[in-house]
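As structure tokens, the structure follows; a few thoughts come after it.
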Amino acid sequence: MPSIRPESGRFATYLARAADALDAHLEEHPGDAMRRFSDWDPELKGELPEFGSGTDAAIERLLQVVLPNGPRMSHPGFWGWITTGPTTVGAVAAAVASVAGPQRYLMTAFNRVEELSLEWLAGLCGLDEHMKGVYSSGGSTANLIALGAARQWAYTRKGIDPAAAGVTGNPTAIYTSTEVHHTIHRSAGVLGLGRRSVRLVPTDDRHRMRADLLAEMLERDASEGVMPVAVVAAAGTTNTGAIDPLREVGELAHRFGAWFHIDGAYGLPGILDPGITHLYDGLELADSVIVDPHKWLGAPVGVAATFVRDRSLLFHAFMQEPADYLEGAFVEEPESSLDSMGIPYQDFGVELSSPSRGVIVWAILTELGREGMAARIIEDNGFARRVADHARREPSLELLTEPVLSICCFRHVAPPGSDPDEFNQRLLRRLLRETDFMPSSTLVDGRFAIRPCFINVRTTAAHVDGFMDAVLRIGADLTSELHP
Ligand SMILES: Cc1ncc(COP(=O)(O)O)c(C=O)c1O
């Protein structure tokens, strides 16, 4: 039977082995993005072993069977949804933190770096110094935490503590655009406000919330006694990267007594691109903002941040009740790391046990600084414009959205008599199976679109050009199949 204790002093050996495998993995260009399930599943299937095979064998199987059959998200041609593989420094920081700082509490350097990195992140993204943050696992939880603060604020103004008493009284509403990420609906459900309290405001021809229609909705609901809990604007929608008119929307929210939340999970770092900084005008009106370092900043998945103007609202919304296993363990004037929980992040969100995420953001920002990160964002936005330029130049391509951030939606023109949606679906499927490029798709005004989203730190202009060539080649192939 293998030892039940990890062997000491073997980290270097095993991590070096894993590092070699990861380097090789990043160099590979598998022909098929979605390897056949049947190719690798038989190797993984099996019963729980009665007797383990030991560290060596377990790590070997991890590297031989699991690693090569994962998704291709770290490869330079992966531009699907809004997800990517981490940068090297982010991955190394996560590995170090998982062993040396496995929790973000206690007054240690990890707890300190949690706060410091939140301050840096706020500064990087143009938030003022009064916005205080808390990390969580992703945009979903970050939005939930922000709307938890909104709910606390809205009900407290009516003399109700919703965290203690539950939500009662008048119907409530959360206003957002039809392009909203559905985590807002889920948050409304979890917070007891109800998914149906989310009111969808139509968008304009650039997929931005129509402030005039928002005003009409707010007015109508006010006259019917509906309590506006929050207005949620997007700084970078998931579908097209649209940025809502933040100032207009924020001013309306405040005029009607609603909390103003900005979902910048993807697009908030876009503020670093001087060509579009003006689109973030009104950011300072936000009562809460979220951003996901695991999207555009290249952190490993599991890192998002919520910022609010008043962190005590988070405390009232999410604090835990006193617990015997904690009370008495800490002192008023801490001398050592064990004397205090440090900044009580566990009371600002929904997690007690939680990895030290701040150290990842701290490492990434230490590596690149503001200028380096800006260069990366500018380059990614440039890639989306490069695709748009190709699409404008090529008569066989159709540009469906003018890029604002690093997303470009376009499609191939279908031969006469064939359905453009079906044609582009087939094209995309072949692209994924036959090439190294992996954009995802969406619907733009009901039309099927190929949608690369450039947040991948390993992508270069040559990859983008190769992608466009591949689209044209497969498009021509399909066209001649249909019209030989
Ligand atoms: C605008 C927006 N908000 C929220 C989310 C949810 O983020 P996560 O997947 O990290 O939970 C996403 C995900 O793509 C998003 O694009």
Side-chain angles (χ1 to χ4, degrees), residues 71 73 78-86 90 94 121 125 133-148 150 174 176-191 195 198 200-201 203 207-209 230-244 246 249 261-271 279-280 283 286 288-307 349-351 354-355 357 360-361 377 380 384 401 403-409 439-444 451-456:
M73 290 170 185
F78 184 93
W79 311 311
W81 310 292
I82 308 184
T83 191
T84 182
L121 186 57
C125 294
V134 60
Y135 286 112
S136 62
S137 62
S140 311
T141 17
N143 273 330
L144 174 71
I145 291 169
L147 291 176
I174 293 174
T176 185
S177 96
T178 47
E179 293 288 306
V180 65
H181 195 278
H182 288 159
T183 51
I184 298 299
H185 294 75
R186 182 165 56 195
S187 301
V190 172
L191 291 166
R195 287 166 183 268
V198 179
L200 297 181
V201 184
T203 53
H207 309 101
R208 301 172 308 175
M209 189 193 295
V231 176
V232 179
T237 59
T238 316
N239 272 336
T240 67
I243 299 176
D244 287 329
L246 301 181
V249 172
H261 173 57
I262 296 180
D263 181 347
Y266 154 51
L268 195 62
I271 197 170
L279 298 178
Y280 295 80
L283 184 61
S288 57
V289 181
I290 72 157
V291 61
D292 284 7
H294 72 199
K295 291 187 166 63
W296 218 347
L297 303 190
V301 165
V303 188
T306 305
F307 291 94
V350 292
E351 298 161 305
S354 155
R357 301 179 174 105
I360 298 171
V361 174
I377 300 293
D380 286 341
T401 57
V404 176
L405 296 173
S406 63
I407 296 174
C408 181
C409 296
S440 54
S441 65
T442 190
L443 293 180
V444 174
R451 174 194 166 282
C453 170
F454 298 103
I455 56 169
N456 187 326

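Keep in mind that what you see is a predicted model, and the values were worked out from it rather than measured. Counting starts at 1 for both ligands and their atoms, in listed order.
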Carefully, step by step, assess Val201 and Thr176 under the rule side chain to side chain contact (heavy atoms under 4.5 Å, CB included). CA-CA 6 Å; Val201 184; Thr176 185; over 6 Å; no
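Residues Pro300 and Ile360 have side chains in contact (heavy-atom distance under 4.5 Å, counting atoms from C-beta outward). With a 4.5 Å cut-off on side-chain heavy atoms, Pro269 and Val291 count as touching.
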What does the N/O contact table under 3.5 Å look like for ligand 1?
from     : atom 1 : to     : atom 2 : distance (Å)
ligand 1 : 3 (N)  : Asp263 : OD1    : 3.3
ligand 1 : 3 (N)  : Asp263 : OD2    : 2.7
ligand 1 : 7 (O)  : Gly139 : N      : 3.3
ligand 1 : 7 (O)  : Lys295 : NZ     : 3.0
ligand 1 : 10 (O) : Gly139 : N      : 2.7
ligand 1 : 10 (O) : Asp292 : OD2    : 3.0
ligand 1 : 10 (O) : His294 : NE2    : 2.8
ligand 1 : 10 (O) : Lys295 : NZ     : 3.1
ligand 1 : 11 (O) : Gly139 : N      : 3.2
ligand 1 : 11 (O) : Ser140 : N      : 2.9
ligand 1 : 11 (O) : Ser140 : OG     : 2.5
ligand 1 : 16 (O) : Thr238 : OG1    : 2.8

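Taking the six-membered ring where tryptophan is involved, the planes of His185 and His182 are perpendicular, since the angle between them exceeds 60° and thus also 30°.
Here the side chain of Asn456 pairs a donor or acceptor atom with the backbone of Phe78 at under 3.5 angstrom.
When all heavy atoms are compared, the tightest approach of His261 to Ala146 is CE1-CB, 3.3 Å.
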